[in-house]
Amino acid sequence: MTKQQAKQRIDKLKKLINHHRYLYHVLDKQEISDETSDSLKHELYKLEQQFPEFITPDSPTQRVGGEPLKEFKKVEHGISMLSLEDIFSEKELQDWENYLKRLEPSAQLEYFAELKIDGFAVALIYKNGVFSVGATRGDGKVGEDVTQNLKTIESIPLKLRATPDVARLTSVVKQLEVRGEVYMERADFEKLNKELEKKGEKTYANPRNLAAGSIRQLDPKLAASRPLKFLAYDIVTDMGQTKHSEEHQILPALGFKAGLGKICKNLPDVLIFWQEIAKKRENLSHQIDGIVANVNDNHLFERLGVVGKSPRGARAFKFSPKQATTRILDIKIQVGRTGALTPVAVLEPVEIGGTTITRATLHNEDEIKRLGVRIGDTVIIERAGDVIPDVAKVLPELRVGREKEFHFPKTCPSCLSSLNRPLGEVVWRCPNTNCPARKRENLYHFVSKKAFDIEGLGPKIIDKLLDEKLIFQAVDIFTLCQGDLIPLERFAEKSAKNLIEAIQKSKKISLPRFIFALGIRHVGEETAIAMSNYFGSIDKLKMASKEELEKIPDVGPKVAESIYKWFPRKNQKFIEELFAAGIRIESQRPAPYQTKGFGAGLKGKIFVLTGALKTMSRDKAKERIRLLGGNVSESVSKMTDYLVVGESTGSKLAKARKLVGGGKGGVKIIKEKEFLEMLS
Ligand code: IVH
């Protein structure tokens, strides 16, 4: 990036961040997620580090919070209320320590890690042990006097406790300042939001907004009516404490509840704390968005000083955000094995929750139009669980005029066939079954884990074999020999031998895997199992009529049609050739269905799983359902009986909610605990 480009980008980022900051902090309106705003600020911070000459006093990195509301009295903070620089990965954590070590080579680094409460920061001033002023952060230097509202919060002591161990300390400190977070517990938040909705009043997006909204309003009665709480994390006043961890000991003695924290002797301990908390996170009664890692030695912390708005000696080590902002470098069209064309955004690499993302799906032509996305645009990327990230939103404010519109092609980029888009469908398709791109994708599918599962044969090797013309179609894989492989780059005698052995081993295959490997449109792993259970052999399946196919659980007319169409002569030949090359289908033992006792309730029921389960992998869960005679389907429909909801769930849950009460008795949404009870 040239200096001039950096300046332009910095200016645009500042303007956009300031706009959303104003909406959020002054007008209590949230139009972009916290993660998006963090991501933009992070980019600005990084750019300013690279080009410090462009740091201006009005940059969002140089101040924190919003402008004080006019109606409140202003309070000047004796010591600025700073903010924290965010990090998201182990690597960024290590980078931070390396940086500290460069600054303080001889320091023995010990940390104090604590919960980062997702609330609203306030400073509390006690004069002679009595709560006298409470202030918001405001712009970091001047905040709003919200004393009356804070006084309604019972977890804020109005008078400091003078227990014998702290009496000595409090008596020497005429004025004491404690900082912490006002927040609301999850359950209270949900209850209150429901009540507000009933009354037709404005509801809040998250507990933090609700806490902020309750404190930054002029009527203390309203604050009093809301179940707000306070957790303390910092004693600003020097009481002779030398470590941050000591503050966490003193706080409860003074009458404050302090957030959970732990002394970490080294950086790996910080990482372990972060991992442990991430696991417990959903079970906490209040929201947290990460941990805060502090250099525990207060003198060292002071010496390290401040950069911009944040102390060098602390970092907010956040949990995987689901969103980040980045730029679209190009839009490419991917041809799938069924001929579906998917536009894919090639991204400037960006980290989301420790994973570097370089591509995001744009789904289809309509989605590109809906988003109004252009090549060169800055966009918000969203990632939910393990699914492919997608582009959630374009930030047109950051355009510079060089962005290019994207026109969806009219022909297949691989074989140049004219594309089809049936009426009412959103996907353009390449109709050519001999399309090289489709054939390539079919081969990737054929050898994949849930199909022939040939160890060591992934897309890269398939590409090589195709490019070297060693294979043209799936059956050719089984006639490869060691001598074919050895001349190839990255193959030696041993690796060639291993691959040939893996190919030989894969020749014995179960019927469901074999059916899945065929790559029939709409036939996923579950449908393949259902087909296998129903017909028991490929010969019977080949002969099946459409009506017969529709009798398979979870197979509707669309899927039946697709299977039926797949089996004409050409594809039958494909199967025969596979058998001729030595493929053998292992005889199947019927699943030992349980008809009585525990788990009997699963028989014949259709389950859909969404989100990660805590106690077992998704594959294990599927296996157990099947073992008890249940079926697993990939998507929610009217046929679904149970939707098992794990963590971080997405569209399936929304769809199930719509179907609850509909269909045949409706979809029952159950949590992991209920699911385990059904299994046990
Ligand atoms: S220490 C230098 N500790 O997170 C700033 N902050 O993103 C001192 N927060 O402004 C902050 N829990 O509002 C600290 N245990 C904790 C925290 C915490 C939540 C908030 C606080 C801060 C913001 C920074």
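What you see is a predicted model; the values in this text were computed from it and never measured. Just so you know, ligand 1 is whichever comes first in the structure, and atom 1 is the first atom listed for that ligand.
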Would Glu185 and Lys229 pass as an ion pair if we require N to O under 4.0 Å?
->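 Counted as a salt bridge, because a side-chain N and a carboxylate O are separated by less than 4.0 Å.
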
Counting only N and O atoms by type, is there a donor-acceptor contact under 3.5 Å from the side chain of Gln94 to the main-chain atoms of Trp96?
->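 The answer is no, because no donor-acceptor pair under 3.5 Å joins these two groups.
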
For Asp238, does its backbone N or O pair with a side-chain atom of Gln241 as donor and acceptor, under 3.5 Å?
->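 No: the side chain of Gln241 does not pair with the backbone of Asp238.
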
May I ask you to decide if the ring planes of Tyr126 and Phe256 are parallel, tilted or perpendicular, using 30° and 60° as cut-offs?
->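 Rings of Tyr126 and Phe256: perpendicular, as their planes differ by over 60°.
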
Side chains of Lys174 and Lys127 in contact at under 4.5 Å (non-hydrogen atoms) =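 Lys174 does not reach Lys127 side chain to side chain.
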
For ligand 1, output the ligand-protein N/O contacts shorter than 3.5 angstrom; if there are none, return none.
| from | atom 1 | to | atom 2 | distance (Å) |
| --- | --- | --- | --- | --- |
| ligand 1 | 4 (O) | Lys116 | NZ | 3.0 |
| ligand 1 | 7 (O) | Lys116 | NZ | 3.3 |
| ligand 1 | 10 (O) | Arg137 | NH1 | 2.6 |
| ligand 1 | 12 (N) | Ile117 | N | 3.0 |
| ligand 1 | 13 (O) | Glu181 | OE1 | 2.8 |
| ligand 1 | 13 (O) | Glu181 | OE2 | 3.3 |
| ligand 1 | 13 (O) | Tyr233 | OH | 3.4 |
| ligand 1 | 15 (N) | Glu114 | OE1 | 3.0 |
| ligand 1 | 15 (N) | Leu115 | O | 2.9 |

Take Asp297 and Glu110 through the test side-chain contact (heavy atoms from CB on, under 4.5 Å) and record every step on the way to the result.
-> CA-CA 7 Å; Asp297 179 329; Glu110 178 186 87; over 6 Å; no

